[in-house]
Amino acid sequence: MEDEWLWGWDATPGIVSVWAEPDGRAYVWRRIPKTGELVREDVRFRPWLLLASLEDLAHLGSRLRPESEGASRYQVTWQELEGPGALRYLVRGDDGRALASAVLEGASRRLGRPVGHMKELGANASLMLPPEEQYLVTSGRTYFRDLAFDELRRMQFDLETTGLDPAHHRVFLVALRSPDGETETLEAQGDDDSAEADLLYHLVERVRAWDPDVIENHNLHGFDLPFLARRAKHLGVSLALGRGGAPGLRHRPSARGAALGRPVPGAPPDAMRRARYTVPGRELIDTLDAVLRHDFSTRDLPGHGLKAVARHLGLAGPEREHIPGARVYEVFRTDPARVRRYAKDDVTEAAGLARLLGGAAFALARMAPRRYERLADAGAATGVLDPLLVRAYLRQGAALPAHEEGDGTSHSGAALHLFASGVARRIVKADVASLYPSLMRQYRIGPKRDRLGVLLALVDRLVDQRLAAKGRARAAAAGSPERFTNEALSAAMKLVVNSAYGYLGAVGLTRFSDVHAANEVTRQGRAVLGLLCRELARRGVTLLEADTDGVYFSVPEGWEEVDERRVVSEVAALLPPRVRLEFDGRYAAMLSHEPKNYALQPYAGPLVLRGVAFRSSRAEPFGEAFLRRALSCLLAGDVQGIRDVYVSTVMALRRRQVPTPEVCAQVRLTKTRAQYLAIRSRRRELPYEAMLANGQQDWPMGEQVRVYRATGSRAGLLPMPEADDAAASWPRDYDVEYYVRLLRETFAARLVRALAPGDFRTVFDDPGQPSLFTPSLADAKPILTVLTAPEEPEPSA
DNA sequence: TAGTTTCGGGG
DNA sequence: GTGTACGAAACTA
């Protein structure tokens, strides 16, 4: 039974896409395992919805009857689900639209006013899923059973356009990668409408010829599809990208969707980010979603752009062609071969990324009763757990609770302690793996209204089956489909398990949310963190920072790694059985600056910087470089070294030896010239001042530029870097004293906790103003300031 | 410091 | 149009 809750119950293998219509027709595309042959099954299902009351259907009279009397054509049937939930009538009919209309008709009569949409009846009166999900929930089918990721036919395409705005710019080239891995480009033969229309037509032809199950690209839903849709509409080209000659792209609402409502008149059109598209028979997968999901747990990506991620993950080849986005079209006109290489590299990387990070969504689609493309961009709580719970309740014939407003109880959070700030040596990090789900299992904390205990049952099963999947992955050969599948399963299961706590706390968003249960989880979490901090402290270590489920501490001089591991396992033994404290790493030194802001010096390897104080995307490169060098000295205990780095940086600025690009901040222009001029009297902004001062009449929205403060309160402007402009020399007319001040006040300030006040003044004394008496730094040492002792336990609830 | 707005990402 | 539902960082009061 519990396996059915997690995996469904229908063994049909190889489903790669499902499309259903409200009238009860469903199309199921399957790949036959082994042969890879594609088949389409046309099936019928009986559309259904859940209602809190049958009152609004009473007007159907004899056309409404209990399910137990059997269904016949033109009849609406109902079945009462068992148990206390508000949504207790499962109502079915031949046609979903007619079913909804009947309810709306009844509601209109009852209320004496027209009711046009189910939502007007309130979320607690009904539940009507999209047709595909109705079909998947009642059939117990899921995608991809017995199918390996690499058996899916996946193609990628990437548009090259003359600009970002489809109202003014065109598609001039499309790079394609076939399911067999061949890349090619299609190009417009001219720069008019008919050439572009021809290009779109050929793209559609390619898709039909290759007939992929999945179409992928990076930011597919945010850029390529909306751009394509807009151009196709303008050009009158039919975008029949779906299977079976069905009509073109359709919209679907999406998670990153209508949060800010419809486009605001006068505001820049930002509809791109908010639209999602769908077509029958193929799944439209955006690798950006996989990247966001990946970074949510790892938090180690330098950005979310295709190139940055591909480089970071080792997917970019050494020959990778690169062209700044804004120059692609102009390069194409002089050197088209270069743009072709660039665009092909893009689709190759998108395919690599899709495979490397896309396994989790693929595995989720084997569990949850939703389309693969929806699971790829869904949040795990509302997007995965909610559908699993709904299916489980219906499978058991149990009534579903309605959404419930919070009772005003606020959500209490995790513990965060900064025990000491400054510099410490011999650092150990220990943390609890999956703390919150472990506590839910340990203390059986689940939603009050989940009377079947489905959520905890799912978490139990997922944790156990994840261990099994990890074991199978380890046993399988590296690079084998078996390894890939099991790693993907493990990643998907981790995702779902870790969202179980978030599910509890999402009051008003998830069907079974329970803020009291969520608070009990965090309370137990704080208790565990408090206990392990006290027990560590009792064993002679110095606590530095503890956050939610992990702690950094410093061990006494003379301790070896075995001693470090020994205290961790001693303390681990005192925790509840399911709560596993693990040794997570050791470092030579740490600068603890503020909560969640610290620098770590590993015993081998480069400095690790965490938190906004140490990582800022727009920070001036010279300051960033200074900070890295200064922190290296600091964590090595070399205070004089910090002084030397500071003096040399200040001198380099004053001698104008720092190249201008090093003092630039990289910014994106988000206001038009007119918008900026309208607010300019109230607020001056350097980037726009730079554009105006440099005679830029207007600029495209979203343009990236590098700006700096130049002498005489002017604003300096540099174009974005080119691959080949390393040798270019820019005027060194930056405002030296402004940047000296910035160095001291913004960058040096990150070290204020690390030095005694007198030493700090000496280290960052202005080298240009010799003082009468300069104290020596020879004996100066970084300091550590202990702020608080570990707290006593909270009174138990 | 808290509350609000912007941005990501794509050419 | 198959209904919702972002989160972190930057900015403003």
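Chain letters run A, B, ... following the sequence lines, proteins first and then strands; every chain starts at 1.
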(message) In whole Å, I'd like the distance from the CG atom of A:Asn219 to the P atom of B:dG11.
(response) 8 Å

(request) To the nearest Å, give me how far apart NE2 (A:His221) and C1' (B:dG9) are. (result) 14 Å

(message) Taking only the C1' atom of each, what is the distance from B:dG9 to C:dG7 in whole angstrom?
(response) 15 Å

(message) The criterion is side-chain hydrogen bond (donor to acceptor under 3.5 Å, both in side chains); which residues satisfy it with A:Arg282, sequence neighbours excluded?
(response) A:Asp211

(message) Give me the distance, rounded to whole Å, that separates C:dA9 from C:dA5 when you measure between the P atoms they each carry.
(response) 22 Å

(request) Provide the distance between the two P atoms, one in C:dT4 and one in C:dA8, to the nearest whole Å. (result) 22 Å

(message) Checking contacts here: which listed nucleotide (C:dG1, B:dG10, B:dG11) is nearest the side-chain heavy atoms of A:Tyr342?
(response) B:dG11

(message) Nearest whole Å is fine: how far is B:dG11 C1' from A:Phe172 CZ?
(response) 8 Å

(message) According to salt bridge (Lys or Arg N to Asp or Glu O under 4.0 Å), does anything in residues 220-235 of chain A pair up with another residue at least two apart or in another chain? List the pairs.
(response) A:Glu196-A:Arg231

(message) Expressed as a whole number of angstroms, how long is the span from A:Leu225:CG to B:dG11:P?
(response) 13 Å

(request) With the side chain of A:Pro22 defined as its heavy atoms from C-beta on, choose the nearest nucleotide among C:dG1, B:dG11, B:dG9. (result) C:dG1

(message) Between A:Glu120 and A:His117 (side chain of the first, backbone of the second, donor and acceptor by atom type, cut-off under 3.5 Å), is there such a pair?
(response) yes

(request) Round to a whole Å and report the spacing from CE of A:Met118 to C1' of C:dG1. (result) 15 Å

